[in-house]
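Structure record follows, encoded as structure tokens.
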Protein chains: 2
Amino acid sequence: MSKTNLIPEEDVPQLADLFSLMGDTSRLRIILCCLHEPISVSDIAENTALSQSLVSHHLRLLKAARMVRAERRGKQVFYVAADHHVQCVIQDMVAHISESANGEDG
Amino acid sequence: MSKTNLIPEEDVPQLADLFSLMGDTSRLRIILCCLHEPISVSDIAENTALSQSLVSHHLRLLKAARMVRAERRGKQVFYVAADHHVQCVIQDMVAHISESANGEDG
DNA sequence: CAAACATATGAATATGTATTCAAGTATATG
DNA sequence: CATATACTTGAATACATATTCATATGTTTG
């Protein structure tokens, strides 16, 4: 009965919420846009080819989950990833994709 | 026009799919069950308090996405996480939660 | 204050998907 | 081959949520 699982049960819902937020292509693209440096809503919309309204809706969710931070500069609002763990999560998952792409044998 | 984003656009849908799979509490619990060592479907069902049918449905998705591997042992089928990157992803996200919990100032 | 720009929000809709239930497949055993 | 166990699968349903459109809020400037 080894309890190798280090994740407390109580954290599971919040964890799932965060993954769920990253599990939408539009939102993931938005996250990628503001992963390394602050970027305005309109620039995100342009880069992702999503409507400004939709980007704003998604940013609200990401901000509520503390995945991004907002900072107003004049008329614009700039968003940036809250911390580097978000980058790590994404890079780990990319590594997983590479590995599963290589290691397939069935 | 800095392209600090290292993730190729073509990988985004697959990335999102994987995160989406982890973004469901039932499925995340199932993943946690088989994160470190193989475990049978019925044991997963018992540990998670989910129906065997539901566990099986979820495992099918996880297997199709290569997040877990299946191995039959007699009448039972054991599932285990496909590689250690899945563990890393989860641990990074837990770190993010801790950090955002500490760093809040608003 | 009015006008222009940037962003946010609410309601409506369309689509996806988690869950359940019933039935099917696979494996061991007598 | 019949039975029991373990798992899988399909269809139905209930629920969530991504997207759009219209409108509102906030900000700078004249």
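As a basis for the values below, the full set of heavy atoms in this structure was taken, side chains included, without hydrogen atoms, waters or symmetry mates. Convention: sequence-line order gives letters A, B, ...; per-chain numbering from 1.
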Using a cut-off of under 3.5 Å, enumerate the N/O to N/O pairs linking the protein to nucleotides 15-18 of chain D.
from, atom 1, to, atom 2, distance (Å)
D:dA18, OP1, A:Arg27, NH2, 3.3
D:dA18, OP2, A:Arg27, NH1, 2.7

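Distance, A:Ile44 CD1 to C:dA8 P: 9 Å, rounded to whole Å. Here the C1' atom of nucleotide C:dG24 and the CZ atom of B:Arg60 are 13 Å apart, to the nearest Å. Atom NZ in A:Lys75 sits about 6 Å away from atom P in C:dA6, given to the nearest Å. One atom, CD1 of B:Ile39, and another, C1' of D:dC7, lie 15 Å apart when rounded to the nearest Å. Between the C1' atom of C:dA8 and the CZ atom of A:Phe78 lies a distance of 17 Å, rounded to the nearest Å. Counting to the nearest Å, the P atom of C:dT27 and the CD atom of B:Glu71 are 14 Å from each other. The distance from atom CG of B:Asp17 to atom P of C:dG16 is 13 Å, rounded to the nearest whole Å. In this structure, B:Leu50 places its CG atom 14 Å from P of C:dC21, rounding to the nearest Å.
To the nearest 0.5 Å, atom CG of residue B:Leu18 and atom NE2 of residue B:His85 are 12.0 Å apart. Atom-to-atom distance recorded for B:Leu15:CG and A:Ile31:CD1 is 10.5 Å, nearest 0.5 angstrom. Atom CD1 of B:Ile30 sits about 5.5 Å away from atom OG1 of B:Thr48, to the nearest 0.5 Å. Taken from CE in A:Met67 to OH in A:Tyr79, the straight-line distance is 14.5 Å, to the nearest 0.5 Å.
Nearest to the side-chain atoms of A:His57 among the listed nucleotides D:dT8, C:dG10, D:dT28 stands C:dG10. Set against D:dC7, C:dA8, C:dT27, the side chain of A:Val77 has C:dA8 as its closest nucleotide.
Checked by atom type and distance alone, the side chain of A:Arg69 never pairs as donor or acceptor with a backbone atom of A:Val80 at under 3.5 Å. At least one donor-acceptor pair closer than 3.5 Å links the side chain of A:Gln87 to the backbone N or O of A:Leu35.
A close approach under 4.0 Å does occur between a side-chain nitrogen or oxygen of A:Tyr79 and OP1 or OP2 of C:dA8. Side-chain nitrogen and oxygen atoms of B:Arg72 include none within less than 4.0 Å of the OP1 or OP2 phosphate oxygen of C:dA26.
Interface remark: the A:Ser53 side chain does form a donor-acceptor pair with the D:dC21 base, using a distance-only criterion of under 3.5 Å.
Counted by atom type alone, B:Ser51 and B:Ser53 present zero donor-acceptor pairs between their side chains at under 3.5 Å.
Using a 4.0 Å heavy-atom distance criterion, A:Gln76 is classed as a sugar-phosphate-only contact. Heavy atoms of B:Ser42 sit under 4.0 angstrom from primed sugar atoms or phosphate atoms, though from no base atom.
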